[in-house]
Amino acid sequence: MDNGESYNEIENVRHSSFVSSRYDILKRFKSISELKHLRTFLTLHKGNEGKYPNTHFLSYDVLHRMLPKFKFLRVLSLYHYAISELPKTIGDLKLLRHLNLSWSHITKLPNTVAALYNLETLILYQCIYLDELPAEIKNLIALHELDLAYTERLQEMPSRISSLTKLHKLSKFIVSKGDKHRIRELQGLTRLRGKLSIYGLENVHNVHDVRIANLKGKEGLDGYSFDLEQRVL
């Protein structure tokens with residue numbers, strides 16, 4: 001195969017998956033770094049999921065310079081990388097539908113994530129350092145799944161979460177102090193399925209608010225649990 005044919009084959013690549021190594025730098029992704037039409041950037045991880053601290057690192061150049069170039073990305077998985085933040089340019093990936101940050105060191109998401117109007121799945125599973133969700137998350141009107149399981153530092157939900165009417169999966173909902181009526185927002189989330197854990201029930205002052213949430217009327221839920229408090233790491 002001549003160099004021209006080899007180059008054309010790389011140009012036509014739309015999906016990339018790889019097993020993360022301890023230190024992933026730009027040089028590792030040289031073959032795909034200039035692809036204009038990449039649809040999938042998928043991290044795979046070998047090892048014990050339950051092992052912390054994370055030992056896999058992604059360089060600044062990959063996260064802040066390479067990934068924002070992939071304007072046609074539909075799937076972005078940074079699973080198990082010890083990254084604490086996303087670049088603000090994440091909001092430029094307008095076609096993104098699936099974002100997986102599970103087991104990362106993310107502490108908060110940039111406000112620009114609200115520009116991802118096509119995002120259907122946001123996975124923050126086991127992001128044990130996550131302590132804040134952006135208020136603008138209510139703009140992700142296409143969102144079907146918001147996985148917040150095992151995010152013990154997260155102590156409150158942004159207002160108007162009820163705007164996410166297409167949500168099928170919401171693993172966790174928090175009623176924080178001073179938001180005694182927040183549980184009412186569950187009323188509009190009629191498509192919920194699976195299991196839902198509700199934290200901070202002690203902050204609900206009126207049982208009528210729980211009735212308004214209409215948990216029993218959400219037939220897709222397999223079950224729900226109430227926890228008076230959660231442990232903060």
Side-chain angles (χ1 to χ4, degrees), residues 1-130 134 137 140 142-147 151:
M1 181 181 295
D2 61 33
N3 289 337
E5 289 175 333
S6 178
Y7 176 79
N8 287 335
E9 280 199 356
I10 294 176
E11 273 289 293
N12 291 328
V13 169
R14 296 290 182 267
H15 308 283
S16 174
S17 63
F18 56 95
V19 176
S20 58
S21 58
R22 185 166 187 181
Y23 298 101
D24 282 332
I25 61 175
L26 188 60
K27 183 178 180 181
R28 183 182 183 192
F29 305 104
K30 183 178 180 181
S31 62
I32 65 167
S33 61
E34 299 301 324
L35 294 180
K36 297 179 180 179
H37 300 286
L38 195 70
R39 303 290 201 273
T40 303
F41 187 87
L42 181 64
T43 308
L44 306 174
H45 176 75
K46 295 177 76 173
N48 181 7
E49 286 189 341
K51 187 176 182 179
Y52 265 101
N54 236 320
T55 54
H56 291 240
F57 300 89
L58 193 65
S59 76
Y60 179 94
D61 285 345
V62 174
L63 190 60
H64 290 263
R65 296 177 182 173
M66 185 186 80
L67 290 179
K69 293 180 180 179
F70 299 147
K71 305 298 185 185
F72 291 89
L73 269 187
R74 267 68 163 179
V75 176
L76 175 58
S77 172
L78 299 175
Y79 168 73
H80 225 291
Y81 276 121
I83 56 174
S84 60
E85 63 179 14
L86 289 177
K88 292 181 179 180
T89 49
I90 188 72
D92 296 335
L93 305 181
K94 305 293 186 183
L95 300 178
L96 199 63
R97 295 180 181 175
H98 178 93
L99 178 58
N100 184 357
L101 300 171
S102 57
W103 290 93
S104 71
H105 289 184
I106 287 289
T107 59
K108 63 181 180 179
L109 300 173
N111 292 335
T112 53
V113 77
L116 303 176
Y117 298 117
N118 292 298
L119 194 67
E120 297 178 356
T121 304
L122 177 56
I123 302 179
L124 298 165
Y125 177 86
Q126 279 282 359
C127 290
I128 64 171
Y129 301 105
L130 181 72
I137 202 170
L140 300 180
L143 203 63
H144 288 184
E145 177 178 350
L146 177 57
D147 192 346
T151 55

- Query: Side-chain contact, heavy-atom cut-off 4.5 Å: Thr112 with Ile90?
  - Reply: yes
Within-4.5 Å side-chain heavy-atom neighbours: Pro87 and Leu63
yes
Separation between OG1 (Thr121) and CG (Asp147), nearest 0.5 Å, reads 10.0 Å
- Given side chain to side chain contact (heavy atoms under 4.5 Å, CB included), test Thr43 with His80 step by step and report yes or no. CA-CA 8 Å; Thr43 308; His80 225 291; over 6 Å; no
- Please lay out, stage by stage, how Asp92 and Lys71 fare under the test side chain to side chain contact (heavy atoms under 4.5 Å, CB included). CA-CA 7 Å; Asp92 296 335; Lys71 305 298 185 185; 3.6 Å; yes
Checklist line | Leu116 side chain reached by Leu122 side chain, heavy atoms, under 4.5 Å | finding: no
So NZ of Lys69 and CD1 of Ile32: to nearest 0.5 Å the spacing works out to 11.5 Å
**Item:** pair Lys94-Leu96: side-chain heavy atoms closer than 4.5 Å
**Value:** no
Shortest non-hydrogen pair, Ala115 vs Gly91, comes out as CB-O, 3.7 Å
Taken to the nearest 0.5 Å, the spacing of Ile123 CD1 from His98 NE2 works out to 4.0 Å
task: Evaluate the ring planes of Phe18 and Tyr81, with Trp represented by its six-membered ring, and classify them as parallel (under 30°), tilted (30 to 60°) or perpendicular (over 60°).
output: tilted
Does some side-chain heavy atom of Asn118 sit less than 4.5 Å from a side-chain heavy atom of Arg74?
no
Residues pairing under salt bridge (charged side-chain N to carboxylate O under 4.0 Å, His left out) where one sits in residues 16-32, two or more places apart or in two chains, turn out to be Asp24-Arg28
field: Note, Arg65 side chain near Tyr60 side chain (heavy atom, < 4.5 Å)
entry: yes
Value for OH (Tyr79) from OG (Ser104), rounded to nearest 0.5 Å, stands at 11.5 Å
- Full working for side chain to side chain contact (heavy atoms under 4.5 Å, CB included) between Leu78 and Ile106: CA-CA 11 Å; Leu78 299 175; Ile106 287 289; over 6 Å; no
Q. Heavy atoms, side chains only, cut-off 4.5 Å: are His15 and Leu42 in contact?
A. no
Output for pair (Arg97 CZ, Leu76 CG), nearest 0.5 Å, gives 14.5 Å
Counting distance only, does the side-chain N/O of His105 pair as donor-acceptor with the main-chain N or O of Ile83 below 3.5 Å? no
ask   = What is the ring orientation for Phe72 with His37, classed by angle as parallel under 30°, tilted 30 to 60°, or perpendicular over 60°?
value = tilted
- [ ] Check the side chains of Ser102 and Asn100 for a donor-acceptor pair under 3.5 angstrom, ignoring hydrogens and angles.
- [x] yes
Interatomic distance, CZ@Phe70 vs OG@Ser33, rounded to 0.5 Å, equals 6.5 Å
- Query: With a 4.5 Å limit on heavy-atom distance, are the side chains of Leu86 and Leu109 in contact?
  - Reply: yes
On a heavy-atom basis, the closest approach of Leu26 and Ser59 is N-OG, 3.7 Å
Between Phe29 and Leu58, the two heavy atoms sitting closest are CE1-CD1, 4.3 Å
